[in-house]
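Notes to accompany the following structure.
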4 protein chains.
Amino acid sequence: MPKPRVRRMPREVRERQMIDAAVRVFARCGYSAASMDEIAELAGASKPLIYLYLHSKEDLFGTCIRREAAALLGAVRSAVEPHAPADRRLWDGLRAFFAHTAAHPEGWAVLSCRARTHGEPFDRVVAELREEIVEVVVRLIEEAAEDAVGGAAAGRAPLNGREVTGLAHALVGAAESLAGWANGPAGAVPSAKETAETLMNVAWVGLENLVSGRRWEAAASKAGVVSSG
Amino acid sequence: MPKPRVRRMPREVRERQMIDAAVRVFARCGYSAASMDEIAELAGASKPLIYLYLHSKEDLFGTCIRREAAALLGAVRSAVEPHAPADRRLWDGLRAFFAHTAAHPEGWAVLSCRARTHGEPFDRVVAELREEIVEVVVRLIEEAAEDAVGGAAAGRAPLNGREVTGLAHALVGAAESLAGWANGPAGAVPSAKETAETLMNVAWVGLENLVSGRRWEAAASKAGVVSSG
Amino acid sequence: MPKPRVRRMPREVRERQMIDAAVRVFARCGYSAASMDEIAELAGASKPLIYLYLHSKEDLFGTCIRREAAALLGAVRSAVEPHAPADRRLWDGLRAFFAHTAAHPEGWAVLSCRARTHGEPFDRVVAELREEIVEVVVRLIEEAAEDAVGGAAAGRAPLNGREVTGLAHALVGAAESLAGWANGPAGAVPSAKETAETLMNVAWVGLENLVSGRRWEAAASKAGVVSSG
Amino acid sequence: MPKPRVRRMPREVRERQMIDAAVRVFARCGYSAASMDEIAELAGASKPLIYLYLHSKEDLFGTCIRREAAALLGAVRSAVEPHAPADRRLWDGLRAFFAHTAAHPEGWAVLSCRARTHGEPFDRVVAELREEIVEVVVRLIEEAAEDAVGGAAAGRAPLNGREVTGLAHALVGAAESLAGWANGPAGAVPSAKETAETLMNVAWVGLENLVSGRRWEAAASKAGVVSSG
DNA sequence: CATGAATGAGGGTTCATTCAT
DNA sequence: TATGAATGAACCCTCATTCAT
């Protein structure tokens with residue numbers, strides 16, 4: 001009697017165990033290298049049961065991705081007050097993002113890396129999640145730009161659409177990178193708050209300057225001169 | 001002689017063809033899902049020859065990663081003049097980075113995504129590449145900070161080590177994200193120069209403010225107030 | 001109570017439903033490809049109940065075969081009056097056979113095809129059914145031969161045992177083939193009566209000639225000459 | 001060293017061995033119950049090699065069916081002289097049919113039973129083979145009818161189209177049944193010539209009577225009276 | 001140098017069957 | 001009586017890898 005597996009659990013519980021196990025294994029190995037045997041063993045269930053409940057490896061992977069994506073998005077959304085000022089919302093969102101990814105490193109690994117390795121329709125789910133976040137950031141930036149333009153001398157239209165989207169992608173990428181760094185193997189990992197502060201400092205301050213028209217100009221690169229519109 | 005495949009090529013050429021093919025297939029499918037058959041076919045060589053030259057699938061993958069990493073690092077390095085001012089060096093490096101990733105999307109896909117999916121020792125190679133780039137950026141930031149501190153009122157040491165590393169990670173992540181965006185399926189992809197400008201604007205200007213002591217403060221988040229040291 | 005399945009039916013009824021469902025599935029897929037899940041679903045019962053009543057897939061298959069064989073044999077037997085003349089009995093039997101197989105195509109499919117696919121002991125059951133029918137036909141032929149011999153000039157014993165058995169097999173095979181044809185997908189399927197007439201015409205008339213000694217002779221095959229004993 | 005498998009054979013030979021083995025296993029077990037492992041073992045090759053050459057279980061089955069169907073049809077065709085009289089052609093065809101099925105019982109088992117168990121597109125192949133044979137028989141009957149009508153008093157049109165087709169199906173079914181009987185387990189199996197004679201006697205003589213207008217009539221079934229047109 | 005021939009090992013999936021309730 | 005929960009075993013198929021030529 002090597003393993004007195006707990007038997008006869010209600011379906012919901014078993015299913016959760018299976019998905020938990022799957023997220024772990026997918027995070028560790030990626031989609032193709034993950035084996036259903038390993039997932040089954042980690043879940044404490046037999047393979048046929050997994051297939052009965054989750055139907056196939058692809059379905060299981062999709063379920064994992066959707067669950068983790070929803071959890072992450074939910075964590076960020078519920079941390080943001082819709083009527084707070086833009087910077088506050090960014091700040092709260094970033095903190096929630098870093099806190100959640102730090103608390104669920106496996107889920108984050110699946111979303112940030114594993115899901116993109118396996119084409120359609122998984123990369124699309126992740127791409128949609130990312131796009132959704134980018135949209136939010138785009139609105140944040142636009143709002144910040146309006147504030148700046150409204151509050152200060154509004155002489156020029158400082159940001160076109162593509163530039164804003166680019167900025168949003170940069171910000172999201174920076175956040176992803178920092179999340180990966182914070183989850184890294186290094187002993188001295190920063191807290192979610194510290195991470196969020198670092199990013200907030202460089203991004204928000206840079207953003208304010210940007211929307212107020214200050215640019216870096218390649219031509220004037222003798223000593224890092226900044227042109228002020 | 002049923003197949004008029006070109007025979008008897010010098011080893012070097014054959015090897016290059018094989019690695020080229022492997023990079024493509026690994027980029028498309030990821031490590032585990034890539035099949036040696038497919039690589040062999042794309043390379044126009046027989047499988048035993050691949051094994052003779054490249055020894056194993058893992059070895060082949062490692063060779064791909066190292067080659068692409070070296071190419072990317074070389075492109076960035078050779079674009080930077082060592083004695084140029086910090087901002088110029090960052091600017092040139094970013095442009096080279098975006099140009100290279102746009103010109104070699106498959107190589108970049110292998111480095112940015114595929115290699116991280118397959119644990120030890122491949123993720124280490126990629127992590128080392130990343131660390132090397134982060135180091136460069138760290139030095140850039142430190143230098144910029146010294147300039148700022150030296151050139152302006154030097155009252156405080158505004159950045160500790162971990163913060164600098166975090167900034168560097170954020171910058172690198174932003175660059176990676178932008179590279180992915182620029183390679184994306186959207187029709188209106190920006191040029192390498194545009195991409196670099198976007199990033200440079202937000203990063204460098206933010207950086208300058210940062211090293212001169214201006215911070216975003218959570219407490220004052222009524223209207224995005226920025227405290228000036 | 002999520003499923004309003006009719007519960008608590010008397011065992012006999014349930015069992016009949018199960019066997020009905022099994023016959024359909026076996027007819028459609030054959031023994032091996034049929035799945036107990038499908039049978040259970042079609043029967044509107046749970047799998048454990050099926051196992052409780054019918055014990056195993058093989059038992060269930062055997063039960064199906066025996067039920068269908070008995071039904072077919074019963075239909076044929078009850079259509080034949082024991083004291084009618086030989087040709088009348090054959091005629092009535094054939095009509096009943098074609099009527100029954102047309103009315104129960106699934107049962108006929110199981111008997112004629114599916115059962116022979118799965119060795120011992122199922123092919124034996126079917127072989128026994130067939131043997132039983134062949135026996136009947138053999139007696140019919142012998143009786144017809146006696147009539148002919150008795151009624152006409154009885155110069156020779158024209159049919160040996162093996163030839164009679166062969167004739168019976170031919171007749172049964174022809175009937176089976178016609179049953180399959182009549183059940184086929186062609187739009188203009190003949191009625192049982194027509195089918196029986198066709199067969200009766202060629203068989204009985206041929207038989208009469210045969211027992212009266214007329215043969216086809218290979219040697220005289222210039223124009224299909226028939227030798228008359 | 002349990003089995004010093006002969007290695008390194010040319011592909012053609014191996015492929016033939018595989019198909020031979022597959023025909024045997026399919027004949028014994030049917031499509032679904034046959035296992036590729038068993039086929040591989042019987043073929044003296046490993047499973048991957050089978051898949052390399054024959055692609056899939058379905059493909060392998062199709063290959064078997066087509067090969068056996070072509071062999072049977074070829075045997076029958078090459079035994080029939082196109083310009084011989086109708087009865088001679090039927091006689092020669094039947095003899096060849098019985099000889100071939102007796103010599104290749106496994107192929108015949110696959111064609112006559114196994115192939116019909118597995119839906120589209122295999123049953124279609126077999127159905128086409130059968131239809132082809134039925135067509136030939138239909139033409140034979142029509143020709144015989146013309147001969148008879150031309151040679152004798154041509155007062156009536158004795159056979160309509162559907163009746164002819166029905167007769168052909170009956171004849172083919174009888175032949176199939178006799179082939180099965182001749183391959184049966186009984187010790188005293190008849191030779192192909194005997195079998196052909198039995199069928200020829202009942203069929204051809206019956207046919208001649210039929211086309212000359214003699215019918216069995218249900219109404220007159222007192223003593224097997226035959227009406228002569 | 002180059003390859004057609006060949007396989008051990010393992011992966012995803014399904015099935016008949018049985019407990020525990 | 002009736003069933004949701006659970007599984008050992010087997011099946012089809014593929015892959016990285018290696019001889020023998």
Side-chain angles (χ1 to χ4, degrees), chain A residues 5-11 13-15 32-40 44-60, chain B residues 1-3 5-11 14 32-40 44-53 55-60, chain C residues 2-3 5-11 14 32-40 45-53 55-58 60, chain D residues 5-11 13-15 32-40 44-58 60:
Chain A
R5 250 183 212 172
V6 181
R7 291 159 178 271
R8 298 266 140 193
M9 330 184 33
R11 170 167 179 158
V13 179
R14 261 281 142 90
E15 225 170 275
S32 327
S35 110
M36 293 298 270
D37 280 281
E38 201 178 343
I39 293 173
S46 67
K47 265 195 302 177
L49 204 56
I50 295 192
Y51 279 89
L52 186 63
Y53 290 165
L54 281 323
H55 311 114
S56 79
K57 195 188 186 183
E58 289 219 325
D59 271 22
L60 176 55
Chain B
M1 58 201 79
K3 253 190 228 166
R5 242 185 219 170
V6 181
R7 291 154 180 268
R8 301 262 159 193
M9 324 180 45
R11 168 163 180 162
R14 263 280 145 91
S32 322
S35 106
M36 294 295 273
D37 280 283
E38 201 178 345
I39 293 173
S46 70
K47 269 193 301 177
L49 203 56
I50 293 191
Y51 278 87
L52 185 64
Y53 288 167
H55 315 306
S56 80
K57 194 187 186 184
E58 291 220 323
D59 272 21
L60 176 54
Chain C
K3 254 191 227 165
R5 242 185 220 172
V6 181
R7 291 154 179 269
R8 302 264 159 192
M9 325 179 47
R11 168 162 179 163
R14 262 280 144 92
S32 323
S35 106
M36 294 296 273
D37 279 283
E38 200 178 344
I39 294 174
S46 70
K47 268 194 299 177
L49 203 57
I50 293 192
Y51 278 86
L52 186 64
Y53 288 167
H55 315 307
S56 81
K57 194 185 185 185
E58 292 220 323
L60 175 55
Chain D
R5 251 182 212 175
V6 181
R7 292 158 177 271
R8 297 269 141 193
M9 332 184 30
R11 170 167 179 159
V13 180
R14 262 281 143 89
E15 224 170 276
S32 326
S35 110
M36 294 297 271
D37 281 280
E38 199 179 343
I39 293 174
S46 67
K47 263 194 306 177
L49 204 56
I50 295 193
Y51 280 90
L52 185 63
Y53 290 165
L54 282 321
H55 312 114
S56 79
K57 195 187 186 183
E58 289 220 325
L60 175 55

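These numbers come from a predicted model, not from an experiment.
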Nearest-Å distance for atom pair [atom1]/[atom2], residues [X] and [N]:
X	N	atom1	atom2	answer
Ile39(B)	dT17(F)	CD1	P	11 Å
Leu49(B)	dG4(E)	CG	P	12 Å
Tyr53(A)	dT7(F)	OH	C1'	12 Å
Glu15(D)	dG4(E)	CD	C1'	14 Å
Met9(D)	dT7(E)	CE	P	11 Å
Glu58(C)	dC15(E)	CD	P	17 Å
Leu52(C)	dT17(E)	CG	P	14 Å
Leu54(A)	dG12(E)	CG	P	14 Å

#### Entry: Nearest-0.5 Å distance that lies between atom CE in Met9(A) and atom CD in Glu15(A)
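Answer rounded to 0.5 Å: 11.5 Å.
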### Separation between CD1 of Ile50(C) and OH of Tyr53(C), rounded to the nearest 0.5 Å
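With rounding to 0.5 Å, CD1 (Ile50(C)) is 11.0 Å from OH (Tyr53(C)).
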### Query
Is any side-chain heavy atom of Leu60(A) closer than 4.5 Å to a side-chain heavy atom of Lys57(A)?
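The answer is no; the side chains never approach within 4.5 Å.
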### Task
Tell me which of Ala34(C) and Met36(A) sits closer to the 5' end of DNA chain E, going by the nucleotide each one is nearest to.
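The residue whose closest nucleotide sits nearer the 5' end is Met36(A).
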### Dot-bracket encoding of pairs in DNA chain F, which uses [ ] for pseudoknotted crossings and | for another strand, Watson-Crick or G-U under 3.5 angstrom
.||||||||||||||||||||
Hey, what are the protein-to-nucleotides 18-21 of chain F N/O distances that come in under 3.5 Å?
from	atom 1	to	atom 2	distance (Å)
dC19(F)	O2	Arg8(D)	NH2	2.5

### Task
Could you work out which one of dC13(F), dT3(E), dT17(E) sits closest to the side chain of Lys57(D)?
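For Lys57(D), the side-chain atoms sit closest to dC13(F).
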### Query
With sequence neighbours left out, what residues match Lys47(B) under side chain to side chain donor-acceptor pair (under 3.5 Å)?
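Side chain to side chain donor-acceptor pair (under 3.5 Å) list for Lys47(B), sorted by chain: Asp37(B).
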### Query
Heavy atoms under 4.0 Å, any strand shown: does Arg11(B) hit a base, just sugar-phosphate, or nothing?
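Arg11(B): no heavy atom of the nucleic acid under 4.0 Å.
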### Message
So which atom in Ala45(C) and which in Leu49(C) form the shortest heavy-atom distance, rounded to 0.1 Å?
### Response
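That would be CB-CD2, 4.4 Å.
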### Closest non-hydrogen atom pair, Ser46(D) against Ala40(D)
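Shortest heavy-atom separation between Ser46(D) and Ala40(D) comes out as C-CB, 4.2 Å.
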